[in-house]
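What's counted below: heavy atoms across the whole structure, side chains too, no hydrogens, waters or symmetry copies. Numbers for residues simply follow the sequence, beginning at 1.
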Amino acid sequence: MACFTIIWELENYSELPHCSLSSPWFSGDLLENTRWQLWLKDEENINLPITCYIFRGSDDRKGKIDVSFEIAIIGVHGLPLLTKSGEKSFEECSKSEWVELIDKITILELKGDFLWNNILTLRCQLWVKNSTISRSELCLARTVLGVEKREFFWANTEFSKLKPGERRSLLVQPHQKGAPTAELTLFLKQTSDGDDVVLEVNIGDCKGIYGVFAKISVVGAYGQLLYTKSKEGSTHLNDNCLKFEPFIQKAILQTNESCTLLNDTLFLKCELKTGFGPILSRLENYGHGLASNIESTPSEETKNDLKKFKETSNSRTSFNSDAFRDLENVNDNSKSCCSFCPLKRALERLKKDGILPDVCLKSGSKSFCVHKDIVGSKSHSFKNLFEENVTMKSFDLDTQNLHHLLTYIYLDRDVALDMLEVAKKFNIVDLEQVCSEFLTSCSSTSSEQGRLALSEKNQGGKPKRRVRHHIFDAIISCFF
């Protein structure tokens, strides 16, 4: 039975005190092209477990879909730290039961295991009962929670003239779109022990729940930090204030005015960090991988293979290339890519560096997930195609030819020329004839045929390079 897998990464997860988040909508052939979402919720009480459920949205497919599912939290080494499973017959606009995962306090205490680079990674696998599709599908999704960080100085002049109840405010505008404004307010409050300096941090435009951290310091005459207090908490519509009460007693400041109140000015250094809602939520990659015919069953052996599949890197999605290669070697039925294929290795190196493919080129049942910038830089035809904002393109040509074309693009090598040289070296007459006919068909003028002759005689690298570029352009023109 084939498996649909979605891996959902939530960046800056610990910056929100509690939240209710939904993944981007996802779909696939295995899911009969219906629309699905994952929902994650954690409570204000961090001792309670975070919960998750699967939601099937509105779609054109009528009737129920019987699904077995497994939800897991993936650790920093790409392996599940805990797994919960279930099954449900999903109707349109229905959801599974809440699945309790783990209490948030454990996640925060074991950040090194759960939150590498402050990213929480969830994996959901779905098996559709009685499905006739044999290929597994993989979907990568990312949600980035906004974090606004600000550092600034606030000079309160004529501090000695400040009277109890009189307020001074500073409005701090955000740098990021969607981040809330912050307003700092300073005032004196009379107590039995004298006047206290009170500071408030008010978060404006409270349309949701925000996590706020504030650190405020008194700056001395020589730039040193004389007194520091920090505080963190959550704000929402009914309570959007973080209060330092008291921050410091006025008498303490007046004890050494030459240092703390230079020229009757109270200098404060302020550090604010606000965590707010999602600023980005999207699918980053979708498909069957480089090897299209990956079989998957909910057996323990296959689950162990999939556990090696995912690894996070530098706040971008990447893969454990060795595990990915092993999985493909076991299940790949395609003859166009093998475990030591130069094209496959080039793509895997890019994935490992965090450079993800953004377009899928298909030929028959074979899919190649490649990069618009790299492929488009080699061909104006491809570049024009990608400007139409396509994410998938099918070609009516042999899979092997598309594979060779992409190999040329990524490795700067024209396969036909190289194979012609190999055929000549080992006197493989039929292969030499096929390559020669193919190269000749790409050249329409005698001057172009002369360039081919130059390349076949190996007379320098530059003529050969020009011939390769000509042949490449000729091949490309046949595809569009």
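A donor-acceptor pair under 3.5 Å is formed between the side chain of Gln176 and the backbone N or O of Val147. Counting only distance, with no hydrogens or angles, the side chain of Ser96 and the backbone of Ile54 share a donor-acceptor pair below 3.5 Å. Arg61 places a side-chain N or O within 3.5 Å of a backbone atom of Lys64 that can act as its donor or acceptor partner. Judged by distance alone, the side chain of Lys231 and the main-chain N or O of Lys243 form a donor-acceptor pair under 3.5 Å. For Asn118 (side chain) and Ser14 (main-chain N/O), a donor-acceptor pair under 3.5 Å exists by modelled atom type. For Asp358 (side chain) and Lys372 (main-chain N/O), a donor-acceptor pair under 3.5 Å exists by modelled atom type. A distance-only check finds no donor-acceptor pair linking the side chain of Asp103 to the backbone of Leu48 [under 3.5 Å]. The backbone N or O of Leu79 sits nowhere less than 3.5 Å from a side-chain atom of Arg123 that would complete a donor-acceptor pair. His175 places no side-chain N or O within donor-acceptor distance of the main-chain N or O of Glu148, the cut-off being under 3.5 Å.
Between Leu184 atom CG and Leu272 atom CG the span is 5.5 Å, to the nearest 0.5 Å. A distance of 4.5 Å separates CD of Glu87 from OG of Ser68, quoted to the nearest 0.5 Å. Once rounded to the nearest 0.5 Å, the distance linking CD1 of Ile7 with CG of Leu122 reads 10.5 Å. Interatomic distance, Leu199 CG to Phe187 CZ, rounded to the nearest 0.5 Å: 8.5 Å. Once rounded to the nearest 0.5 Å, the distance linking OG1 of Thr83 with CD1 of Ile71 reads 10.5 Å. The distance from atom CD1 of Ile73 to atom CG of Asp113, rounded to the nearest 0.5 Å, is 12.0 Å.
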task = Please assess Lys273 against Glu232 for the test salt bridge (Lys or Arg N to Asp or Glu O under 4.0 Å), listing each intermediate value before the final yes or no.
result = CA-CA 9 Å; Lys273 182 173 69 171; Glu232 62 182 325; over 6 Å; no

request  = Begin with the C-alpha distance, continue with both residues' side-chain angles, and end with the deciding distance and a verdict on salt bridge (Lys or Arg N to Asp or Glu O under 4.0 Å) for Glu245 and Lys189.
outcome  = CA-CA 9 Å; Glu245 185 178 1; Lys189 183 177 182 179; 2.4 Å; yes

task = Walk me through it: do Leu347 and Cys369 pass the test side-chain contact (heavy atoms from CB on, under 4.5 Å)?
result = CA-CA 9 Å; Leu347 293 172; Cys369 296; over 6 Å; no

ask   = Are Gln37 and Trp39 close enough, and set up right, to give a side-chain hydrogen bond (donor to acceptor under 3.5 Å, both in side chains), and what steps lead you there?
value = CA-CA 7 Å; Gln37 267 187 328; Trp39 280 80; 3.1 Å; yes

key: Criterion side-chain contact (heavy atoms from CB on, under 4.5 Å) on Trp127 and Glu70, from CA distance to verdict   = CA-CA 9 Å; Trp127 291 272; Glu70 179 182 278; 4.0 Å; yes

query = Can Asn33 and Asp59 be said to form a side-chain contact (heavy atoms from CB on, under 4.5 Å), step by step?
reply = CA-CA 8 Å; Asn33 296 314; Asp59 49 62; over 6 Å; no

ask   = Under the side-chain contact (heavy atoms from CB on, under 4.5 Å) criterion, do Ser230 and Phe213 qualify, and how do the steps go?
value = CA-CA 7 Å; Ser230 60; Phe213 171 82; 4.1 Å; yes

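Using a 4.5 Å heavy-atom cutoff, the side chains of Lys229 and Ile216 are not in contact. Between Tyr13 and Leu115, some side-chain heavy-atom pair lies under the 4.5 Å cut-off. Using a 4.5 Å heavy-atom threshold, the side chains of Pro49 and Ile102 count as separate. Using a 4.5 Å cut-off on side-chain heavy atoms (C-beta onward), Ile374 and Val370 make no contact. Within the 4.5 Å cutoff, the side chain of His371 has no heavy atoms near those of the Val375 side chain. Ile65 places none of its side-chain heavy atoms less than 4.5 Å from the side chain of Ser89. Side-chain atoms of Met392 and Lys362, non-hydrogen and from C-beta on, do get closer than 4.5 Å to each other. Here the side chains of Leu126 and Cys3 are not in contact, with every heavy-atom distance at 4.5 Å or above.
Note on Arg142 versus Glu11: salt bridge recorded, some NZ/NE/NH1/NH2 to OD/OE distance being below 4.0 Å. Ion pairing of Glu284 with Arg282 is present here, as a side-chain N (NZ or NE/NH1/NH2) and a carboxylate O approach within less than 4.0 Å. Ion pairing between a basic and an acidic side chain is recognised when a charged N comes within 4.0 Å of a carboxylate O; Asp42 and Lys104 show such pairing. Of the charged side-chain nitrogens involved, at least one lies within less than 4.0 Å of a carboxylate oxygen, so that Glu200 and Arg167 count as a salt-bridged pair.
Annotation: Lys215, atom NZ; neighbour count of heavy atoms from other residues, nucleotides and ligands within 6.0 Å does not exceed 12. For Lys88, the NZ atom counts as densely surrounded, since its 6.0 Å shell holds more than 12 non-hydrogen atoms of other residues, nucleotides or ligands.
Ring geometry for Phe386 versus Phe382: interplanar angle under 30°, hence parallel rather than tilted (30 to 60°).
Trp98 and Glu100 are not linked by any side-chain donor-acceptor pair at a separation below 3.5 angstrom, with hydrogens and angles left out of the test. Side chain to side chain, Trp36 and Thr34 meet the donor-acceptor criterion of an N or O pair below 3.5 Å. Side-chain contact check for Thr143 and Trp8: at least one donor-acceptor pair (N or O, by modelled atom type) lies under 3.5 Å.
Taking all atoms of both residues into account, the shortest heavy-atom contact from Leu283 to Ala141 is CD2-CB, 3.8 Å. In this structure, Leu406 and Leu361 approach most closely via the heavy-atom pair CD2-CD1, 4.0 Å. In plain terms, the two heavy atoms of Arg150 and Val172 that are nearest each other are NH1-CG1, 3.6 Å. Nearest heavy atom pair, residue Ser281 against residue Ser23, reads OG-C, 4.4 Å. Across every non-hydrogen atom of Cys52 and Leu38, the tightest pair is SG-CD2, 4.5 Å. Nearest heavy-atom pair, Ser367 versus Cys360, reported as atom, atom and distance to 0.1 Å: CB-SG, 3.7 Å.
Taking the ring axis of Phe368 as reference, the NZ or CZ atom of Lys366 stays within 45° of it and closer than 6.0 Å to the ring centre. Remark: Lys95 is not positioned above the aromatic ring of Phe55, lacking an NZ or CZ atom under 6.0 angstrom from the ring centre and at most 45 degrees off the axis.
Judged as a salt bridge (charged side-chain N to carboxylate O under 4.0 Å, His left out), and not counting sequence neighbours, the contacts of Glu92 are Lys62.
The side chain to side chain contact (heavy atoms under 4.5 Å, CB included) test with Leu10 is passed by exactly one of Thr121, Val144, Ile119, Leu21: Leu21.
Aromatic pair Phe26/Phe4: centroids less than 6.0 angstrom apart.
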